[in-house]
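Working notes for the structure below.
Everything quoted here is computed from the prediction, not taken from an experiment.
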Amino acid sequence: MAREGEITIAVIGDIHDRWDEGDGAALQHLGVDLALFVGDFGNESVEVVRQVAATPVPFAAIAGNHDAWYSASPWGIKRAPYNRKKEDRVQQQLDLLGDAHVGFSYRDFPELGLSVVGSRPFSWGGQEWKNEKFYRERYSISSFTESTERIVAAAREAACDTIVFLGHNGPFGLGDRAEDICGKDWFPEGGDFGDPDFADAISKVRAGGRRIPLVTFGHMHHSLRHTKERSRVAVCTPPDGTVYYNAAVVPRTEQSSDRTWRNFSLVSLQAGEVKRIDLVWADETGAVASRKTLYTCEN
């Protein structure tokens, strides 16, 4: 049964090594019911993931492309600063996260009336199937079609009728301008850089009768590479009834003279519908320096 009342979900955008115990304390003081991590903890930063795994509120996470930075691509493998024959830092991160890592998997939160289902972990985005050997060896998949099947299978196993999808990169089909939510903002600018397997999986799960109020992800930073005159579109609400949210506000911390401010995206969910999304900057005591409303259901 879904819990009555409003649920507050904190979505944590790309961390890139900016996470410590103060972030966990802030989540507690902010009173969130659930935390969702979109990945890119660092360049295979095991110690950062260790701290994330100690998050003191219920959470789910998915690994990003930087979390296999020295393991997924030939380019990265050549630059690994450690002996990959003796150490598997990708697996160390996955072991630390355990069942909280929902890449190609799910985590049920029956007390909240929802399940979190993950898309393809370690995604770089785009319509080219990248890092073939990595995905074949880690997950026994070799194509977008097989990836879609894995995501859909996870959703079918999930216990709750309401599904929140969590990805590192977002799905294909949400716009092809450089500033769009998954738009390509490097030369040559323009083009939809969303994941086609993620989009197909969402469509199939929706067709199966599940409610999908929220799809959240990161990867494509709000700060655009080709211009500083505007920021990336953060929220997309196509006619399918789902709110798509890119939480990659990077860097996610700012330092003042006496404290560290950390950004969290607070999503209010009620009766299976996203009511509001606020971007807040808070310190470890939960004091909020600023709050910006990015979406309300009246929009």
Side-chain angles (χ1 to χ4, degrees), residues 11-24 35-55 59-105 118-126 128-142 147 166-170 184-187 193 195 217-225 246-255 260 262-263:
V11 184
I12 294 91
D14 300 28
I15 287 175
H16 292 299
D17 293 311
R18 298 196 182 198
W19 185 268
D20 58 30
E21 292 180 357
D23 289 285
L36 301 178
F37 294 86
V38 305
D40 273 8
F41 303 107
N43 290 348
E44 299 188 18
S45 298
V46 174
E47 291 310 310
V48 173
V49 173
R50 192 183 307 279
Q51 293 193 56
V52 168
T55 297
F59 76 96
I62 190 167
N65 59 302
H66 279 265
D67 304 316
W69 194 247
Y70 302 118
S71 303
S73 69
W75 177 92
I77 290 169
K78 290 178 181 178
R79 290 162 176 78
Y82 63 94
N83 188 335
R84 296 182 65 260
K85 293 181 179 179
K86 295 182 178 180
E87 246 188 304
D88 185 344
R89 293 189 181 177
V90 170
Q91 191 60 48
Q92 289 177 42
Q93 295 173 89
L94 295 176
D95 290 344
L96 285 166
L97 292 171
D99 292 341
H101 184 259
V102 295
F104 286 142
S105 188
S119 66
R120 171 167 43 95
F122 306 105
S123 172
W124 287 70
E128 176 188 350
W129 182 254
K130 300 181 180 71
N131 305 325
E132 294 182 17
K133 183 179 179 182
F134 176 83
Y135 280 112
R136 186 173 61 252
E137 292 180 350
R138 293 270 173 182
Y139 296 104
S140 299
I141 64 169
S142 301
S147 176
L166 176 62
H168 177 58
N169 188 48
K184 179 175 173 287
D185 65 330
W186 58 91
F187 184 83
F193 211 64
D195 287 344
F217 47 89
H219 185 53
M220 309 293 275
H221 297 180
H222 286 204
S223 177
L224 296 168
R225 300 185 190 187
N246 178 339
V249 180
V250 178
R252 67 164 301 272
T253 63
E254 292 182 354
Q255 193 70 39
T260 300
R262 313 143 194 276
N263 77 63

**OP:** Under the side-chain contact (heavy atoms from CB on, under 4.5 Å) rule, what do W19 and F41 come out as? Steps first, then yes or no, please.
**Re:** CA-CA 8 Å; W19 185 268; F41 303 107; over 6 Å; no
**OP:** In sequence, state the C-alpha distance, the side-chain angles, and the governing distance for N263 and R18, and then conclude on side-chain contact (heavy atoms from CB on, under 4.5 Å).
**Re:** CA-CA 11 Å; N263 77 63; R18 298 196 182 198; over 6 Å; no
Subject >> CA sep, side-chain torsions, deciding dist, call: N65, K130, side-chain contact (heavy atoms from CB on, under 4.5 Å) >> reply: CA-CA 11 Å; N65 59 302; K130 300 181 180 71; over 6 Å; no
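Judged by distance alone, with hydrogens and angles left aside, the side-chain atoms of H222 form a donor-acceptor pair with the main-chain N or O of N246 at under 3.5 Å. Looking only at distances, a side-chain donor or acceptor of H168 sits under 3.5 Å from a matching main-chain atom of V38. E44 places no side-chain N or O within 3.5 Å of a backbone atom of A80 that could act as its donor or acceptor partner. Side-chain atoms of R84 come within 3.5 Å of backbone atoms of Y70 as a donor-acceptor pair (strictly under, hydrogens ignored). With hydrogens and angles ignored, the 3.5 Å screen pairs no side-chain donor or acceptor of N131 with any backbone N or O of F134. The main-chain N or O of G64 is never found under 3.5 Å from a side-chain atom of H219 such that the two would form a donor-acceptor pair. Not a single donor-acceptor pair under 3.5 Å links the side chain of D67 to the backbone N or O of F122. Not one N or O on the side chain of N169 forms a donor-acceptor pair closer than 3.5 Å with the backbone of W124. Distance alone, capped at 3.5 Å, places no donor-acceptor pair between the D14 side chain and the A248 backbone. The main-chain N or O of G125 is found under 3.5 Å from a side-chain atom of S123 such that the two form a donor-acceptor pair.
S45 and G42 make their closest contact through OG-CA, 3.3 Å (heavy atoms, listed as atom of the first residue, atom of the second, distance). Closest non-hydrogen pair, S119 versus I62, comes out as O-CD1, 3.5 Å. Considering every non-hydrogen atom in both P121 and Y139, the closest pair reads CG-OH, 3.5 Å. Of all the heavy atoms in F104 and S147, the pair that sits closest is CE2-OG, 3.3 Å.
Atoms CZ and OG, on R138 and S71 in that order, are 6.0 Å from each other to the nearest 0.5 Å. Interatomic distance, CZ of R225 versus CH2 of W186, reported as 6.0 Å (0.5 Å rounding). Remark: E137 CD to E132 CD distance equals 12.0 Å, nearest 0.5 Å. Annotation: the span from D195 atom CG to F193 atom CZ amounts to 8.5 Å, rounded to 0.5 Å. Expressed to the nearest 0.5 Å, how far CZ of R50 lies from CG of L97 amounts to 11.0 Å. Rounded to the nearest 0.5 Å, atoms CG (D17) and CD (E47) are 11.0 Å apart.
Under the 4.5 Å side-chain criterion, counting only non-hydrogen atoms from C-beta, L166 is not in contact with F217. Side-chain contact check for T260 versus E254: every heavy-atom pair is 4.5 Å or farther apart. Using a 4.5 Å heavy-atom cutoff, the side chains of Q92 and E87 are in contact.
A cation-pi arrangement, defined by a distance under 6.0 Å to the six-membered ring centre and an angle within 45 degrees of its axis, is present between R89 and Y82. A cation-pi arrangement is found for R120 relative to Y135, the charged atom lying closer than 6.0 Å to the ring centre and inside a 45° cone about the ring normal.
Salt bridge status for D40 with R252: absent, with no side-chain N to carboxylate O gap under 4.0 Å.
Ring orientation note: the planes of H16 and H221 are nearly perpendicular, at an angle over 60° on the 30°/60° scale.
Heavy-atom neighbours of N83 CG from other residues, nucleotides or ligands within 6.0 Å: above the threshold of 12.
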